[in-house]
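Just below is one structure, and these are the notes that go with it.
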Amino acid sequence: MSTHANINQLPDDILIRILWHSNRPNPSKSDSDALWHTVSPTPNYIRADLSVRKLIPTDEKTPISTPPGFADAALSLFIASVCPRWRRLVQRHVSTLLVRENRVVPLQALTHAVSCLPNLTHLHLCDGSVETLDDAFLAHLASSCPKLTILHVGSGIAPVDNDYNGREDDHPITEAGLDHFFRQCTQLQQLSLFCLHEDISRPASFFQLADLHTLALTDASALEAPDLLNLSSLTTLTIASQEITCEQIGRLVRLTRLSNLSISDQTCLYPDDDHSAALAISTIARLPCLKSLEFLLMFCSEASCTTLEQLHITDTHQLDRLPDDIGALLPCLRELTLSSCEPLARLPRNFSSLSCLESLTISKCDHFSRLPEKIGSLPALKRLVLEKLPLSDLPDSLCELSSLESLFLIGCPEIHHLPAGFSRLTGLRTLSLMHLPVLTLPEGIGGLKSLHTFLLKENYGQLLPASFSQLTSLVQVELDACIIGALPEGMQQMSHLLELHIGACPNITEIPESFSRLPGLQVLTVNDCTGLSSVPRRLDSLTKLKRLELTGCRQLTELPEILPPSLEILHLGCYNQVSKLPRTLFLPSLTSLRLISVGVEQQGEESDLSLPHLNCLELVLADDAEELPFPLASLSQLRTLGIWSAGKLKQLPGNIGLVLRQLRKLQIHHAHELAELPASISELRNLTSMEILEAPKLSTLPDAISALSRLCKLNLTHCPALKLLPASLTQLSCLYDLSIQFASICWLPADFANLKRLRRLSVHGCKQLQGLPEDVSELRMLQVLDVGGCKQVFDGKGCVQPPGIRGMYGLTIHG
């Protein structure tokens, strides 16, 4: 039965599940590729050209987006290559099309895609995502997508490079084209056109968009239009102009519903004087519904803005003070951000009059050396962030912030201690202390009974206070780059602790036995603690532990003997001092295992290995390891196998293809002694990706490689002994990425045009390559060709040969 027939027999909900599974936000590539090969008539075309991240027939937005890694995503292939029923399903349910940044999609392909999506309501073209737009595309978009309500066109979509066969006109969108588009798309609600040149005026029809509530402008000229008042529904306005005048700002008072205003950090007020700045702020203050403001001009006006809730001032060299009566001017302010305001040295004395302030962030203000004494009088403050400030201490009144839930102290190296009454912050839930080398934690820290998250990074204090173990509400603890000498006893009292991360703490010599009695612990990571020599022998009492990492601890001589069966992810460092792996590896839930510096002798004859659901295995071999540390026969469900630092590995197991039937991805790095691949590798029929890096003795690939019918990606890099590729390589019909770099090949196989789905070809560094096959120019899907360092593929004028390659549409050549 044909693939099309199989698809047509599937019900709609199954088709939708297939599309969603293979393009979910964090997919397993091996799983998704297998699905494409099973159910899709042209799997790689669809997979490479258009990724349907979510396709569910509900009222939810259903975005389509192009995947990363492809310079030219031919969107039209998605619609053109699937069966009619599948196409109808897409047409019926897809309402959002997102083209990611730097994809450079051909305009013809984009035009065809939108014509096939009659229910399109959201079109989002990120920066540099398509060729230069023109009037014809706007006209086609207006006629094909009558339901369009949101249009975002990012910057960098003009003009295109001449090598891309683009048009030579710099500004193909004209005022007449815009006028026609706006007359047709009267239902637009959100509009961003950052691709327009500032010389293009907004036509009159632009101001007739009665439903428009969100607008982003590249220039401020539209603010001068007499019809601005017609945009009565506008609630959000972003201006990314290089220059704006007081008169232009003055027209904002006509937008009586405006609640969110953002003026780019590159904007300069013209004329540049205090009076103009005061006038601009006074105008903004009269907006009756304004709640959020990002404005980088000097805050020098005494005008009150009674509705403003958010104020962000960043990257200004003019702001040296805030008004003393700021509480009266901004009575509803809830969020204030002051970032990179270089002259700002202090907050006003009456700062505590901001009775509604819930979040305060002061960051990278080089002269800000002291908080006001009365900062504790902010009754509503819940979040305080102090980052990279020359503070030497914190006022005692900080402990009176009864509503404070989150405190972040980051990069304030002169702070030596926290206020004495710090334990009075009984509502504090998050405490983050980063890059505070001389800070000493208070003895009474255990009084923070509501603390859920504690982060201590780059601190040179010798001890954690004994009361630390009294923080019984802690859910997450992270200690990173600290020189504390010991972990406190009694941590078994932390019954709510779910995650414990310890990294780069060289003075910690042991993990106390009490840690093995944390009843709710789910994640335990201990990495790069170079002084650690002892860990609990048994961890099976951690019945909820799902992730365990114990790596980079080179003084450790014994690993835990018994691990909890609940583990799903396990990373172990088995260095020279470690005599053997855990005696029993019966982990029925384990899906990912990473072993570092592991050798055969560490496995032991009595080891019991049972990993029935292991999907991913990564082995960083010991320097003297000549073979894998344990047999692969029991790992029948393995889908990803990575072998790293395989310096003395001479061969892979001869039965690898017979026992790893489900393997999707194979990676081998630094295999200096590997001379050949076993013949059974041709039995890996589900393999989609194979990568071999730095294998200087690998001289050939097996002819039976053609049996890898699902192989999509093949990467052989720094294999200088490789002189010949098997002719059967061109039978890999699903191959879309072929990279043979720094090899000694002279020719590519004949019949290269059989690789019809090839999108990327790299022969970078193959200095002995005599030329490219003539039929390479027949690879219509080829998007990237890398011939760097291959001098003989160029003619005397520096042009790639054969000549047909240079005429290939959409091809990017690196060399």
Side-chain angles (χ1 to χ4, degrees), residues 551 554 558-559 570-587 590 592-612 614-684 687 689-702 704-705 708 715-719 721-722:
T551 66
R554 295 183 176 272
E558 292 186 359
L559 297 173
L570 176 61
H571 294 180
L572 293 177
C574 312
Y575 304 100
N576 294 333
Q577 292 83 359
V578 176
S579 58
K580 60 182 178 180
L581 293 174
R583 180 170 52 84
T584 300
L585 275 179
F586 176 68
L587 302 173
L590 197 71
S592 178
L593 174 62
R594 179 179 175 88
L595 299 176
I596 301 175
S597 193
V598 63
V600 178
E601 68 282 355
Q602 292 167 321
Q603 175 61 16
E605 297 180 358
E606 299 179 357
S607 295
D608 182 12
L609 182 68
S610 178
L611 308 172
L614 191 67
N615 286 332
C616 177
L617 174 61
E618 296 182 1
L619 300 173
V620 182
L621 299 183
D623 294 339
D624 57 351
E626 297 184 0
E627 56 184 283
L628 299 186
F630 44 73
L632 301 177
S634 61
L635 307 178
S636 60
Q637 298 302 311
L638 200 65
R639 302 197 173 197
T640 298
L641 174 61
I643 303 174
W644 319 91
S645 299
K648 293 191 176 181
L649 182 69
K650 296 182 178 180
Q651 60 183 4
L652 295 178
N655 63 346
I656 185 172
L658 303 176
V659 298
L660 300 182
R661 298 282 189 176
Q662 303 300 319
L663 197 66
R664 306 291 197 274
K665 185 175 183 178
L666 175 62
Q667 293 178 303
I668 304 173
H669 290 191
H670 309 290
H672 296 159
E673 299 295 327
L674 185 67
E676 62 180 0
L677 300 178
S680 70
I681 204 166
S682 62
E683 300 297 326
L684 298 174
L687 197 68
S689 175
M690 182 163 64
E691 181 178 279
I692 302 177
L693 306 184
E694 294 192 32
K697 293 186 178 181
L698 183 66
S699 58
T700 184
L701 295 178
I705 195 174
L708 304 179
N715 183 358
L716 304 173
T717 298
H718 286 289
C719 302
L722 186 63

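Counting begins at 1 with the first residue of the sequence. Values below: every heavy atom of this structure, side chains too, minus hydrogens, waters and symmetry copies.
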From [atom1] ([X]) to [atom2] ([Y]), nearest 0.5 Å:
| X | Y | atom1 | atom2 | answer |
| --- | --- | --- | --- | --- |
| Ser592 | Leu617 | OG | CG | 8.5 Å |
| Cys616 | Leu641 | SG | CG | 8.5 Å |
| Gln662 | Ser636 | CD | OG | 8.0 Å |
| Leu722 | Ile692 | CG | CD1 | 9.5 Å |
| Leu628 | Ile656 | CG | CD1 | 7.5 Å |
| Asn615 | Leu590 | CG | CG | 9.5 Å |

For [X] versus [Y], what's the shortest heavy-atom pair and its separation?
| X | Y | value |
| --- | --- | --- |
| Ala704 | Ser682 | O-CB, 3.3 Å |
| Leu621 | Pro629 | CD2-CD, 4.1 Å |
| Ile705 | Met690 | CD1-CE, 4.1 Å |
| Gly647 | His672 | O-CB, 3.4 Å |
| Leu587 | Leu611 | CB-CD2, 3.9 Å |
| Ser680 | Gly654 | OG-O, 2.6 Å |

Run the side-chain hydrogen bond (donor to acceptor under 3.5 Å, both in side chains) test against [X] and tell me which residues pass, sequence neighbours left out.
| X | answer |
| --- | --- |
| Thr717 | Asn715 |
| Thr551 | Asn527 |
| Glu676 | none |
| Glu691 | Gln667, His669 |

Residues that His670 engages under ring pair (Phe, Tyr, Trp, His ring centres under 6.0 Å), provided they are two or more places apart: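 Ring pair (Phe, Tyr, Trp, His ring centres under 6.0 Å) list for His670, sorted by chain: empty.
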
Side chain to side chain contact (heavy atoms under 4.5 Å, CB included) involving Leu674 - partner list, sequence neighbours excluded: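 Per chain and number, Leu674 pairs via side chain to side chain contact (heavy atoms under 4.5 Å, CB included) with Ile668, Ala671, Leu677.
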
Partners meeting side chain to side chain contact (heavy atoms under 4.5 Å, CB included) with Val620 (sequence neighbours left out):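 Expected list: Arg594, Ile596, Trp644, Ser645.
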
Salt bridge (Lys or Arg N to Asp or Glu O under 4.0 Å) involving Glu694 - partner list, sequence neighbours excluded: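 For Glu694 there are no salt bridge (Lys or Arg N to Asp or Glu O under 4.0 Å) partners, ignoring immediate neighbours.
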
Salt bridge (Lys or Arg N to Asp or Glu O under 4.0 Å) partners for Lys650, two or more places apart: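 Lys650 satisfies salt bridge (Lys or Arg N to Asp or Glu O under 4.0 Å) with no other residue.
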
Within-4.5 Å side-chain heavy-atom neighbours: Lys665 and Arg639: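 Not in contact.
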
